[in-house]
Amino acid sequence: MVALASDHAGFDLKNEIGRYLDELHMPYKDLGPATALRTDYPKWGYLAAKAVAGGECDRGIVICGTGVGMSLSANKVKGIRCVVCTDCYTAMLSRQHNNANMLALGARVVGVDLAKLIVRMWLEAEFEGGGRHQQRVDMIMKIEAGTIDFL
Ligand code: RB5
């Protein structure tokens, strides 16, 4: 299940991505907003991140003007690794190497067709766990938990 959310700037693209997820037969939960009225991205980034961190959804896609505000907000929730992607290569590698569990898109940065391609690459790519990538992601999570000291 994919958690989907946006602010006003990402509203139209959220609807496009929702329709695309339908085409892909990928179940998703639209967490809002329900209209394109001006709203604050931290709320929606947080709600989607909580859905992923809590296990209700296994991935999240959040959309604002640049993707930056959404990713910053989502990454404040424990267990979230949210990446802003403007290209397919980064989207794929963010899954394969970083095990990103949320994707942030900038509706004012990428066009609809590129956004769809990014979404598909990101959803299809699998984490290459078990080796060095797992160790590095574990290190990130230890930084979050405050249980690592690189000094
Ligand atoms: C809204 O104008 C804009 O600031 C927001 O969508 C986002 O781009 C913030 O990072």
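The first residue of the sequence shown is numbered 1, and numbering continues consecutively from there. We count ligands from 1, going down the list as the structure has it; atoms in each ligand are counted the same way.
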Check the pair N101 / I80 against side-chain contact (heavy atoms from CB on, under 4.5 Å), numbers first and verdict last.
CA-CA 6 Å; N101 51 13; I80 295 303; 4.0 Å; yes

Take atom NZ in K50; do more than 12 heavy atoms of anything else shown fall under 6.0 Å from it?
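No, because the 6.0 Å sphere around NZ of K50 holds 12 heavy atoms or fewer from other groups.
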
Flag if over 12 foreign heavy atoms under 6.0 Å of CZ, F11
yes

Enumerate, one pair per line, all nitrogen or oxygen atoms of ligand 1 lying under 3.5 Å from a protein nitrogen or oxygen, stating the separation to 0.1 Å; write 'none' if no such pair exists.
from, atom 1, to, atom 2, distance (Å)
ligand 1, 2 (O), R108, NH1, 3.2
ligand 1, 6 (O), D7, OD2, 2.6
ligand 1, 6 (O), G65, N, 2.8
ligand 1, 8 (O), G65, N, 3.1
ligand 1, 8 (O), T66, N, 3.0
ligand 1, 8 (O), T66, OG1, 3.3
ligand 1, 10 (O), T66, OG1, 3.4
ligand 1, 10 (O), G69, N, 2.9

E128: which residues meet the salt bridge (Lys or Arg N to Asp or Glu O under 4.0 Å) condition with it, sequence neighbours left out?
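By the salt bridge (Lys or Arg N to Asp or Glu O under 4.0 Å) rule, E128 matches no residue at all.
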
With heavy-atom distances below 4.5 Å as the criterion, would you say the side chains of M70 and I63 are in contact?
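They are not in contact (no side-chain heavy atoms under 4.5 Å apart), so the answer is no.
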
Within-4.5 Å side-chain heavy-atom neighbours: R59 and L103:
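No, every pair of side-chain atoms sits at 4.5 Å or beyond.
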
